[in-house]
Amino acid sequence: MKGIISALLCSFDEHGQVNEKGLRDIIRYNLDTVQVDGLYVNGSSGENFLLTTAQKKQIFTIVKDEVQSDVPLIAQIGSLIIEEAIELAKFVTNLGYDAISAVTPFYYKFDFEEIKHYYNTILEHVENKMIIYSIPALTGVNMSLDQFSELFDNKKIIGVKFTAPDFYLLERLRHRFPDHLIYSGFDEMLLPAAVLNIDGAIGSTFNLNGKRAKQILTLAQQGHIMEALAIQKETNDFISAVLDNGLYQTLKELLVTQGVDAGICRQPLKTLTANGKGIVLDIANKYL
Ligand code: HMN
């Protein structure tokens with residue numbers, strides 16, 4: 001489960017329903033064209049927190065059916081409703097997902113004991129491996145090195161998706177846990193994370209830009225930092241254009257320019273205006 005892993009986008013129709021053909025198209029593009037090393041399903045990029053339980057299960061099922069065992073699959077099952085997290089963890093484990101992942105519980109400012117209890121409780125119910133999903137900017141949950149260490153005391157917790165610009169903590173984590181899987185979560189900071197010897201990266205922009213990301217990771221691993229930096233610069237030009245125009249909407253519309261039926265986002269995420277779609281064409285011409 002190393003390398004460049006796409007945080008999979010999902011295709012929705014104008015009624016907010018999963019477009020199965022579109023989702024399969026997105027998967028095929030990731031596997032056949034971008035050639036990513038794995039898929040992270042129902043993360044932020046999959047609009048997970050806007051979905052019903054039935055839709056989450058539908059997406060997990062379609063993805064496994066399309067991918068089979070071609071690349072590793074990680075299922076994000078985190079939910080504020082712990083019963084839902086457990087139900088989804090069991091569901092994807094039965095489907096054959098290689099690992100589960102759960103975002104740190106958010107909104108209520110849970111303390112660390114509550115967060116630890118959350119992970120351990122989910123894992124009591126399921127025979128699978130867990131990747132912690134840490135994204136402090138969105139959850140408000142900042143964990144220290146010692147707190148990560150306490151979580152890792154549970155042998156089923158095998159790694160972390162580290163989505164934060166804290167390279168000191170990332171280096172300390174890498175040093176202290178050489179055998180855990182450490183993934184970088186901010187695509188625009190892939191190179192500095194790669195220099196710290198991460199195992200891989202999980203990100204939204206890899207649905208389109210995964211080839212450049214793979215080059216950055218490989219070049220950094222080989223010590224070719226300046227070559228990697230040139231590709232990170234091009235990548236960041238791409239990412240900043242995407243962010244300026246609306247992240248998930250733009251990524252989906254970029255897929256549409258490549259013949260992928262990527263659909264639109266679920267409400268309350270907005271849809272692109274005609275002007276926004278024009279900007280997408282410019283981005284596609286420049287970077288794809
Ligand atoms: C996921 O859960 O879908 C992604 O792994 C999250 C990932 O860290 C992305 N973060 C968010 O979308 C909030 C990044 O890929 C991010 O989109 C990218 O670095 C652009 O900022």
Side-chain angles (χ1 to χ4, degrees), residues 7 40-53 55-56 74-92 99-126 128-174 176-177 180-189 193 196 198 201-204 243 246-248 265-270:
Y40 187 84
V41 186
N42 281 344
S44 323
S45 314
E47 297 166 60
N48 175 75
F49 304 103
L50 306 176
L51 300 177
T52 66
T53 310
Q55 287 173 319
K56 292 176 191 177
I74 304 172
Q76 198 296 121
I77 53 82
S79 166
L80 283 186
I81 304 153
I82 194 161
E83 290 86 352
E84 188 196 32
I86 293 167
E87 183 183 335
L88 292 173
K90 288 181 179 168
F91 186 79
V92 296
I100 56 174
S101 178
V103 69
T104 52
F106 51 93
Y107 190 81
Y108 288 105
K109 298 193 190 304
F110 302 102
D111 68 23
F112 178 68
E113 286 310 311
E114 291 166 327
I115 291 171
K116 190 169 81 174
H117 185 255
Y118 172 84
Y119 284 107
N120 289 338
T121 305
I122 294 172
L123 287 168
E124 270 169 26
H125 289 84
V126 67
N128 209 336
K129 298 160 282 195
M130 167 73 81
I131 311 281
I132 304 289
Y133 178 6
S134 175
I135 181 160
L138 293 185
T139 59
V141 178
N142 279 287
M143 289 188 292
S144 67
L145 184 61
D146 287 340
Q147 288 174 335
F148 276 110
S149 179
E150 266 193 60
L151 292 180
F152 289 164
D153 283 343
N154 184 329
K155 294 301 163 220
K156 288 179 172 172
I157 301 184
I158 59 160
V160 57
K161 176 165 117 56
F162 185 90
T163 309
D166 186 343
F167 294 103
Y168 177 39
L169 178 56
L170 182 58
E171 186 281 330
R172 292 289 81 189
L173 276 167
R174 174 73 298 168
R176 189 140 146 200
F177 304 105
H180 280 73
L181 288 168
I182 300 184
Y183 301 98
S184 154
F186 274 132
D187 316 355
E188 51 276 51
M189 300 176 207
L196 298 176
I198 51 168
I202 300 171
S204 64
L243 289 174
L247 175 61
Y248 305 126
C265 291
R266 272 178 63 82
Q267 288 180 28
L269 290 170
K270 57 188 176 205

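When reading the values below, keep in mind they use all heavy atoms of this one structure, side chains included, and skip hydrogens, waters and symmetry mates.
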Quick one: does Q76's side chain have a donor or acceptor within less than 3.5 Å of a partner on V41's backbone? no
Distance check, rounded to the nearest 0.5 Å: M143 atom CE versus L173 atom CG? 9.0 Å
Where is the tightest heavy-atom contact between L80 and F106, given as atom of each residue plus distance? CD2-O, 3.2 Å
Between Y118 (side chain) and E113 (backbone), is there a donor-acceptor pair under 3.5 Å? no
Heavy-atom nearest pair, S101 first then I74, reads CB-CG2, 3.8 Å
Begin from the C-alpha positions of V126 and I100 and carry the test side-chain contact (heavy atoms from CB on, under 4.5 Å) through to its verdict. CA-CA 10 Å; V126 67; I100 56 174; 4.0 Å; yes
Could you pull out all residues at least two apart from E47 that satisfy side chain to side chain contact (heavy atoms under 4.5 Å, CB included)? F12, L50, K252, C265, R266, L269
Across all chains, not counting sequence neighbours, the salt bridge (charged side-chain N to carboxylate O under 4.0 Å, His left out) partners of E84 are K56
Please find out if less than 6.0 Å separates the ring center of F162 from that of Y183. no
Evaluate the ring planes of F152 and F148, with Trp represented by its six-membered ring, and classify them as parallel (under 30°), tilted (30 to 60°) or perpendicular (over 60°). tilted
Taking ring pair (Phe, Tyr, Trp, His ring centres under 6.0 Å) as the test, write out the residues that go with F110, two or more places apart. Y108
Can you tell me how far the CG atom of L138 sits from the CZ atom of F49, to the nearest 0.5 Å? 9.0 Å
Does H117 have any side chain to side chain contact (heavy atoms under 4.5 Å, CB included) partners at least two apart in sequence or in another chain, and if so, which? T121
Quick one: list whatever passes ring pair (Phe, Tyr, Trp, His ring centres under 6.0 Å) with F112, sequence neighbours left out. none
dist K129:NZ -> I157:CD1 (nearest 0.5 Å) comes out at 14.0 Å
With sequence neighbours left out, what residues match D146 under salt bridge (charged side-chain N to carboxylate O under 4.0 Å, His left out)? R176
If I take atom CD from residue E83 and atom NE2 from residue H125, how far apart are they, to the nearest 0.5 angstrom? 9.0 Å
How far apart are the closest heavy atoms of N48 and G78, and which atoms are they? ND2-O, 3.9 Å
For Y133, the side chain to side chain donor-acceptor pair (under 3.5 Å) test, sequence neighbours excluded, returns S44
Only counting residues at least two apart or in another chain, list the ones meeting side chain to side chain donor-acceptor pair (under 3.5 Å) with N128. T93
Stepwise side-chain contact (heavy atoms from CB on, under 4.5 Å) test for S45 and Y40: CA-CA 9 Å; S45 314; Y40 187 84; over 6 Å; no
By salt bridge (charged side-chain N to carboxylate O under 4.0 Å, His left out) - contacts of K156 (at least two apart): E127
Are the side chain of T52 and the backbone N or O of Q55 linked by a donor-acceptor pair below 3.5 Å? yes
What residues, two or more places apart in sequence or in another chain, satisfy salt bridge (charged side-chain N to carboxylate O under 4.0 Å, His left out) together with E171? none
Polar side chain donor-acceptor pair, Y248 to S204, under 3.5 angstrom: no
Under the side chain to side chain contact (heavy atoms under 4.5 Å, CB included) test, which residues partner R174, sequence neighbours left out? I182, N197, D199
So, do I77 and E87 sit near enough that their side-chain heavy atoms are less than 4.5 Å apart? no
Would you sort out whether I82 and I86 count as a side-chain contact (heavy atoms from CB on, under 4.5 Å), showing the intermediate values? CA-CA 6 Å; I82 194 161; I86 293 167; 4.2 Å; yes
Walk me through whether I81 and T53 qualify under side-chain contact (heavy atoms from CB on, under 4.5 Å). CA-CA 11 Å; I81 304 153; T53 310; over 6 Å; no
Rounded distance (nearest 0.5 Å) linking atom OG of S144 with atom CD of E150: 8.0 Å
Those residues at least two apart in sequence (or on a different chain) that pass side chain to side chain donor-acceptor pair (under 3.5 Å) with T163 are K161
OG of S134 to CD1 of I115, rounded to nearest 0.5 Å, is 9.0 Å
